[in-house]
Structures are given as structure tokens and as C-alpha cells.
Amino acid sequence: MDEHYRPHDVEKTAQSYWSEYQVFAVTEDPSKEKYYCLAMFPYPSGKLHMGHVRNYTIGDVISRFQRMCGKNVLQPMGWDAFGLPAENAAIKHQVPPAKWTYENITYMRQQLKRLGFGYDWDRELATCRPEYYRWEQWLFTRLFAKGLAYKKTSPVNWCPEDQTVLANEQVENGCCWRCGTTVERREIPQWFMKITDYAEELLAELDRLEGWPEQVRAMQRNWIGKSRGVEIEFGVAGRTQGLKVFTTRPDTLFGVSYMAVAPEHPLALEAAARNPALADFIEECKTMAVNEAAIETMEKRGVDTGLRALHPFTGVEVPIWSANFVLMGYGEGAVMAVPAHDQRDYEFARKYGLPIKQVIHPRDESPVGLDQQAFTEKGILQASGSFDGMTSEQAFEAIADSLAQDKRGQVRINYRLRDWGVSRQRYWGAPIPIINCPSCGAVPVPDNELPVRLPEDVAFEGVGSPIKKMPEFYQTSCPRCGAAAERETDTFDTFMESSWYYARFCSYDQDRGMLDERANYWLPVDQYVGGIEHAVLHLLYARFFHKLMRDAGLVQTNEPFANLLTQGMVLKDGAKMSKSKGNTVDPQALVDEYGADTARLFMMFTSPPEQSLDWSDSGVEGAFRFLKRLWRLVHEHVHPAQQAGTDADMQAIREMRRLLHECIRSVTVDYQRRFTYNTAIAKVMELINALYKFQDVSSTGRAVMQEALQAVVLMLAPIVPHVAHALWQALGNTGAVVDASWPVVDESALARERIELVVQVNGKLRGRIEVAVDAPTSTIEALALAEENVQRHIVDKSVKKVIVVPGKLVNVVVG
RNA sequence: GCCGGGAUGGCGGAACUGGUAGACGCGCCAGACUCAAAAUCUGGUGAGGGUAACCUCGUGGGAGUUCGAUUCUCCCUCUCGGCACCA
């Protein structure tokens, strides 16, 4: 072996071996336990960033470890290739999005290979390829037939200058990022997927997803937001049609002092015809952002429509206001307002001088201070007619029953979750497979005409989707009646592609169906790894899609991902690495200078996967130094300076073996259960420090050194596979380390005769005692009380209690 | 605004089930090697006090539970992620 560690040679050799013997190509093998490990595939933005390196290192470490544990491991890789950045690049560099994307993929694939990740490259897929998206189009037509895909109007950001729809990130301070024009909200017809039909199952199954972080499950539960409430129909003065609202607090019904409807609500629009102030307000609301954060934080404003709603019990008239915080798309586009018992209603009522009527008081009759804020807790009803004196809980049922009898309301389960809008008015996405016929309406594209191919060779001049201006794309005939018709020119949300790629990896080359029986061998994914930023949207959509595929008979499981690991972000100087902040570090430079193993080791050592990782140049140096130190230790062992002797220090040898096997035990737990590779590496570093001090050149001593070094190489192999490949051979093994088994703990090496216990007095550390492992409690107590420094702290006090924690400590309680 | 995290030496982090706070690494200091430097090796390194043995303080801030709290409970501050068209 080479005396010096030369990472580039070592890595080239190992990678050639893996590729020559197709080490990571897998097929279904019913005789072995399968293990499907998947890291979230990247958007091909140009080159890998540190977040990718971290994500894929974690996935590769898990995969290689499971392989060493004897599993049949599938680890695939692909490209989330549709999306907005390709269009932006097209405008900026005059290059078609397809060309830009494919070139990025070529470059990034080579980067992934250089990092030594053990992917089965045969299964690589790119979502922008028609062979991929055709099956998504196919499934969509099935869902359309089942009524799970439908069209309705929904708001988008509209730039009146560019005549185009903008993504949220293209809106800066309410203005178009390109031309600075004030952006408007516009309602346009769009396609939706009925995820709300699956809300209950998506929620209920979270309880069984024990391999997911509780944090993510909580976020999804809140996102789905199940609540039980009452749908109430208020009358509207002077008309037969009422105004429906949903409330989770029907007990506050007698405190309603106004109603609020969305600016686009039919009642508001109608009233605006006679009310210029209202019309101006509605016009103004069009420039309002569509995202929830903006709506929640903006100033709450409204205008009286002049219309009056009739209270379902009292018949009392309350004003109907139009308010900017009520959105047409959600629920009924109207809410009842109870200022005394809802903080937002309270602030709105204060601002516009609307009445605040208390109808709930606390159970303990304590004052509520309505001059300061709303009283939002539950309590006892007052000023509520025949419901007075009931608790909020009793009143909920009584009021709901009473409303139901008159058919003016009913109990309903409501979800915060809204149906998934999948239409995008953009070019670089999968075409929605629908043909709009003047007489037949929306007609799905027949199977034999799929895929609807997205033209790739397009000129991108400025704004707007090219296919909306290409008659050769959109002009067609109706599959049903044959008349001239137009294709849908909107494309799918890119979350569609990322919602099922994990399944397609199993049936990657199947050209006669979306999936096949191989999916049932591999699924569910045993370990999914990705950023916490995907905790809700991507992970919820993928779960939904899995259930859609299950109900279409394509998969047998209920959930796609059995275990989830959410990795933290990569930071530099405490801030997220980004081009705009100018604090990026290019992983390529790191690999060029130190090699892939140092990059991987640094990523795994610096912090545990779930935490954020702060970049550090000197940390990289440290990782590199460790690999050199490891290399040198093996080299010195393989090329000893002197002949092996016979003079063995058996006690030092026993101690060394005990350290080794304690290390194996602890590192195994870190890999298997905790995913804390930072502590696993730290333990191996400690062992290596001990091995440097272990200078026994007897043949027994050398045998222990050989045993330890073999274990060290095996324990590090998932993290630094190239250097492990080289050292494994240097240690005289036949066969590659990638095919070796994880080391086993020798229980007999762990046995100890004496152990040290800590002695505390009143919880403070005062001394240490050494006892036999099997010493009885009475002996331990006596020794502890006799300890010199302990004596000093108890001599003038009386011992109240002695607590002995076996194997750990003694606490003497004195008073 | 709402939902979910996080906060421990000069820095990244460790302490797994309520039981020795600071493992391991970085940085820094000292020494060895060297003509010298780099590299490498050895030792030290939370703060304060003490010649020393040791003592006091210390895990964002404040309270509480406990023989014992970084760990559990409550309140607060700061910070990060998500909020449905960035992926």
C-alpha cells in the first residue's frame, strides 16, 4: 500500500471497481429481506449544492449500512426536471428549457458519481421525459372519470402589463418582479384534485406512521385541520336565498353582530353596483396577495354592503360586510362574526364601531375584560334565549339540534385542507391531458393518444407559455364527437411528478403500464430522506397519490414511506446558503481539493442529520486529517518497523479488546436506531486515539490491532467507502469491503470486574469509589460514606438517605 | 398572524430512559521534531477563586416538580422552517 493517503487515486480505483462489477444494480430477490432507501430527488438547477451533498450522503450511508447487514438494497436516483427555473434560464440565456435541463442533468449526474453514491443508475429517470409523465397523464384521466379531478375557478397572481400569471415567488412587494406593475388577483378556471375526499384517511393514518418524526405528523395534522362545527344558513332580508356559513362555535350564535363575505362574493358584487364605495373597495382588494401569511398579517378592512342578514333564532337583522380577510375560494366565502368571543372579529368590530355582545361567561364568574380583548374560551351561555345557563359544550349540541329541526343548519366535519390545485399556466411542465370541446366540454385524451407530448424545441421570447401560442399544439379534434376542439394548454403542478417517482423507480422500464408487480416487492420505501421544508406539501401529496394508485389497483400498501428522516439545512455563518446572500460554498471545489470521502465525512461528523449544519473550512481540514491519521495507522500496522515479539501485556490487550467491542456496540446503535453518525464517528476517533497508544508488538498484540483495524474500516465503510475499499485490501482481505458484513460484538470482551461509581452529597459531585461489579448495596453505601472528600461534606450533618443507582452513582442526602 | 423546530465553552457539537455537563472535532496555548517553516506528534484548554487539596458559579431568561433537571411542567425572549404557484 501507498505510504500516503492519496484520495483521488483511492476514489478512482474504488469507483471503477463498483462500476465494473455493477455492484449497486439490484433485482427483486424473494430470498432476501428487501430495503428501499430513497433520498428526495433533486431539481436539476445546474450543479449540486451542499444541501444535496448532505441529503445524498445520509441516504448512501443508510443504504451501505443496510447492505452490510445483509439486505437486498435498492437506492435509485432521478431528476425532478420540470419547473420554473428552467423558464427563467430560458429567458436569461436564450436556451430552450429542455436543453438547459438535460445539460444540467448530465453535469450533476457526473457530480453524484464523483461523490461515490451507490445508486442503481439503470433506474435513473427524469420527470420531463414523456415516458415518465405519460403515466401521470394516464392516471389523471382515470381520476377524471372517477370525479376525483374537476375544474373550478380559483385565484392567481396576474400581471396586467405582461398579461401573464405569476408564481408567488415572482411577486415582490405586490409587484411583478419583471416589470414592477402592481399585481392583481384574478379568478380563472383551474383543475383540482379531490384530496379532501381522502382527508380523513390521511389524518387517521398519521397515528400509525410510527417511523415518521412526531414533528412532521403534527404539522400534517394541523394542516389537515379537522374540526367539528355547524353549517348555519342565515336569511338575507328581502330575498329567498340565504347566506351559508360554517362555525366551530355555534354556542356563540347569539353574539353575532355582523356577517363578513369575500369581496368576490355574489352578494358583495351585486351590492357594489349601487354602492361606489363598496365597488372601490372590491377593486382595491384585487391587488391583495393570495398567500395566507400576507392575508393574516395585513390590515383587516371592510365595507358595509348595506344588505342585512337575519338571525336564525331571533330574526334580528345584522349588517353584511364585505371584508378583505374572507376569501371566496375557502368554505362558503362568508363567515359569521362574534366580536365578543373571537379576537379577529373583535378587532374588526372595534375598528368599525360594530356592536360587541357578550354571550359567554367563564364558569367561575370571573370578569372577562371585553374592553381589552375578546373572551375566546368556552364557558356558560348568557343572553342566548332558551340556551342560557348551558355550558358551551351543551349549547353546541342543543343549538345544532334546534337548527337541524328547522333545516337551517347541520353538524358538519370541516377540514382546513383544501383541494389541490394542479393547473399551472406555464410551459415547462407536463401537459394536462384534456381536450376542451365546444359541445362535449372537457374530454380526457384517450389512452392510445397518450402521452400528450410537450414540444421541447421552442423559442422562449419573454413572458407567457409558448404552447399557448402554438396552434400546432393546441388545435385538435374532440375524441368524442370529432368536432374541432382545443387542447388544455395549462401544465401540471410539479408536485404531481414528485408524488409518485418513488414508485416508478421499481418499474422503471415498464412501457405498458404505470407500475407493475415489482412495485409490490419494493414498496413501501423503507427509509425516505429529505429536507424538513417538505414536511407538509410534498409529503402530503405523495401520501395522497399513493392512495390514488392503491385505489386504481396499482399498489397494495396504504402508505408510501415507512420511515422518514428529515435533514436540517446547510448553513454558512448561521444563515442558509444562497446565491443572493453570496455565502455559498461549491461542493465541487471541496471534492477537487480533498476528495469525496472528506466531503462525506465532514457532512456526517459536523452535526446529526436532523439538525442544521454550519459550514466550516477548518472542520473540513479536520475531517481530512482524520483520514490521513487512519491511513497512517493501517500503514504502520501493515509495514511494522520491528518483528513481532512474544512479550504480551495481557491486561492491556484485554482492555484494548474491551474498548473495541464497546465501540462496535455503541456505533451499531448509532447507525441502526439513532442515525447519529456524528457520535458514531466520534467513538471511532476515540478508538483510533487508543490504538495509537496501544504499542503491544507481540503477536497477540498485533492480532488485536488487526481485529480492531478491520472493525474500524467496516464501521467507517458506509461513510467513507473509497478509503475503506483501499484499506480493506491493504489489511489483507480478499473480496471488496462493499460486500463485507457489519462487525459483530464479542460479548465476552465486554466483561469487567471492577467499576467506578460517582458519589454525590445532596446532588453535588464529591468523590469517586471503585467497586466490584457485583458489590452489594451495603458495601457500596459503606465505601461511599467512607470516601475522604465525602466525609468532609457529611461530618457535621446527619445522613437522611442514601440513593444508590446501580452502575452509576451514589447520592448521600444530608440535612 | 398561524403551525412546527431550535438556543449548551472561543466555534460545531456530546450527554440515548431524570443520574459525573462539555465526549469527539475545530480553534487557541505550550512542548517535541526542524537551520527554519509546513506537516506530524505529545500535553493543556468552561468561568472565577485557591500554592494546593479543593471550593463557588455555569446548559437563552424567569418560576416550579425532584434526593438529583441540559433532560419534565408553566411563562417569556430571540431565532430558524412551513403557510397551499420556489422546489
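Chain letters run A, B, ... following the sequence lines, proteins first and then strands; every chain starts at 1.
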What verdict does the side chain to side chain contact (heavy atoms under 4.5 Å, CB included) test give for A:His52 and A:Met108, after you've listed the backbone C-alpha separation in whole Å, the side-chain angles of each residue and the deciding distance to 0.1 Å? CA-CA 10 Å; A:His52 292 134; A:Met108 290 169 76; 4.2 Å; yes
Determine the interatomic distance between C1' on B:rG18 and the same-named atom on B:rA69; round to the nearest Å. 7 Å
Rounding to an integer number of angstrom, what distance separates B:rU59 and B:rG22 when you compare their C1' atoms? 9 Å
Are A:Tyr671 and A:Tyr677 close enough that their ring centres sit under 6.0 Å apart? yes
Sugar-phosphate means primed atoms, P, OP1 and OP2; the rest is base. With that split, encode nucleotides 24-33 of chain B 5' to 3' as B, S or - using protein heavy atoms under 4.0 Å. BSSS------
Just by distance, no angles: are the side chains of A:Gln425 and A:Ser465 close enough, under 3.5 Å, to form a donor-acceptor pair? no
Geometric class of the A:Phe544/A:Tyr198 ring pair [parallel <30°, tilted 30-60°, perpendicular >60°]: perpendicular
Given B:rC55, is OP1 or OP2 found less than 4.0 Å from the side-chain N or O atoms of A:His793? yes
Can you tell me if A:Gln567 touches the phosphate of B:rG5, counting only side-chain N or O atoms and a distance under 4.0 Å to OP1 or OP2? no
Pair assignment for RNA chain B - dot-bracket with | for other-strand partners, Watson-Crick or G-U under 3.5 Å: (((((((..(((......[....)))((((((.......))))))((((....))))..(((((..]....))))))))))))....
Using a cut-off of 4.0 Å on non-hydrogen atoms, how would the nucleic acid contact of A:Met569 be classed: base, sugar-phosphate, or nothing? sugar-phosphate
Hey, does A:Glu788 reach any base, or is it just sugar-phosphate, or nothing, if we go heavy atoms under 4.0 Å? nothing
Is B:rG27 syn or is it anti, if syn means the base angle is within 90 degrees of 0? anti
Looking across every strand, which nucleic acid part, if any, lies under 4.0 Å from A:Val156 by heavy atom: base, sugar-phosphate, or nothing? base
Considering only heavy atoms, which members of residues 82-90 of chain A lie under 4.0 Å from some atom of RNA chain B? A:Gly83, A:Leu84
Calculate the interatomic distance between A:Tyr330 atom OH and B:rC83 atom P; express it in whole Å. 13 Å
Residues at least two apart in sequence or cross-chain that pass ring pair (Phe, Tyr, Trp, His ring centres under 6.0 Å) with A:Trp615, listed by chain then number, are A:Phe602
Starting the side chain at C-beta, find the nucleotide from B:rA14, B:rA84, B:rU40 nearest to A:Asn291. B:rA84
What contact category does A:Glu610 fall into here, base, sugar-phosphate, or nothing, at under 4.0 angstrom with non-hydrogen atoms? nothing
Interatomic distance, A:Leu630 CG vs B:rU40 P [rounded to whole Å]: 15 Å
Is A:Val805 touching bases, backbone alone, or none of the nucleic acid, heavy atoms closer than 4.0 Å? base
Looking at A:Tyr692, does the NZ or CZ of A:Arg629 lie under 6.0 angstrom from its six-membered ring centre and within 45 degrees of the ring axis? yes
Base, sugar-phosphate, or nothing: which does A:Ser423 touch, judged by heavy atoms less than 4.0 Å apart? base
Counting the benzene-type ring for Trp, do A:Tyr501 and A:Tyr132 have ring centres under 6.0 Å apart? no
Between B:rA7 and B:rA14 - P atom distance, rounded Å: 9 Å
Counting the atoms with a prime plus P, OP1 and OP2 as sugar-phosphate, which does A:Trp223 contact under 4.0 Å by heavy atoms, base, sugar-phosphate, or nothing? base
Check every atom of B:rU40, B:rG81, B:rG4 against the side chain of A:Asn222 and return the nucleotide holding the closest atom. B:rG4
Provide a list of protein-nucleic acid N or O atom pairs under 3.5 angstrom, restricted to nucleotides 62-71 of chain B.
unit_1	atom_1	unit_2	atom_2	d
B:rC67	O2	A:Asn811	ND2	2.5

Is A:Arg766 touching bases, backbone alone, or none of the nucleic acid, heavy atoms closer than 4.0 Å? sugar-phosphate
So is A:Lys152 actually on top of A:Phe192's ring, under 6.0 Å and inside 45° of the axis? yes
Kindly give the atom pairs (protein nitrogen or oxygen, nucleotide nitrogen or oxygen) under 3.5 Å for nucleotides 72-79 of chain B.
none

Between A:Glu756 and A:Thr676, who's closer to the 5' end of RNA chain B by nearest nucleotide? A:Thr676
For a quick check of understanding: with a heavy-atom distance under 4.0 Å over all strands, which category does A:Phe626 fall into, base, sugar-phosphate or nothing? nothing
Rounding to a whole Å, what distance do you find between A:Arg217:CZ and B:rC3:C1'? 17 Å
Could you measure between the two C1' atoms, the one in B:rA47 and the one in B:rA21, and give it in whole Å? 14 Å
Whole-Å distance separating the CG atom of A:Leu765 from the C1' atom of B:rC54: 12 Å
CD of A:Gln220 versus P of B:rC2: gap in Å, rounded? 22 Å
Looking across every strand, which nucleic acid part, if any, lies under 4.0 Å from A:Lys764 by heavy atom: base, sugar-phosphate, or nothing? sugar-phosphate
In whole angstroms, the gap separating P of B:rG12 from NZ of A:Lys572 amounts to 14 Å
Does A:Arg632 place a side-chain N or O at less than 4.0 Å from the phosphate oxygens OP1/OP2 of B:rC41? yes
Which part of the nucleic acid, if any, lies within contact of A:Lys300, taking any heavy atom under 4.0 Å across all strands shown: a base, the sugar-phosphate backbone alone, or nothing? nothing
By the 4.0 Å heavy-atom rule, please label A:Ala293 as base, sugar-phosphate, or nothing. base
Side-chain contact check for A:Gln215: nearest option of B:rG1, B:rG5, B:rA15 is B:rG5
Please say whether the positively charged group of A:Arg416, taken as NZ for Lys or CZ for Arg, lies over the ring of A:Trp223, i.e. under 6.0 angstrom from the six-membered ring centre and within 45 degrees of the axis. yes
Quick one: sort the A:Phe545 and A:Trp420 rings into parallel, tilted or perpendicular, breaks at 30° and 60°. perpendicular
Could you check which of B:rG13, B:rA87, B:rC41 has an atom nearest any side-chain atom of A:Pro608? B:rG13
Per nearest nucleotide of RNA chain B, the residue lying toward the 5' end, A:Ala218 or A:Ile532, is A:Ala218
Taking CE from A:Met496 and P from B:rA87, how many angstroms apart are they, rounded to a whole number? 14 Å
Options B:rC86, B:rA84, B:rA15, nucleotide nearest the side-chain atoms of A:Leu417: B:rA84
Categorize A:His534 for me: base, sugar-phosphate, or nothing, with a 4.0 angstrom heavy-atom threshold over every strand shown. base
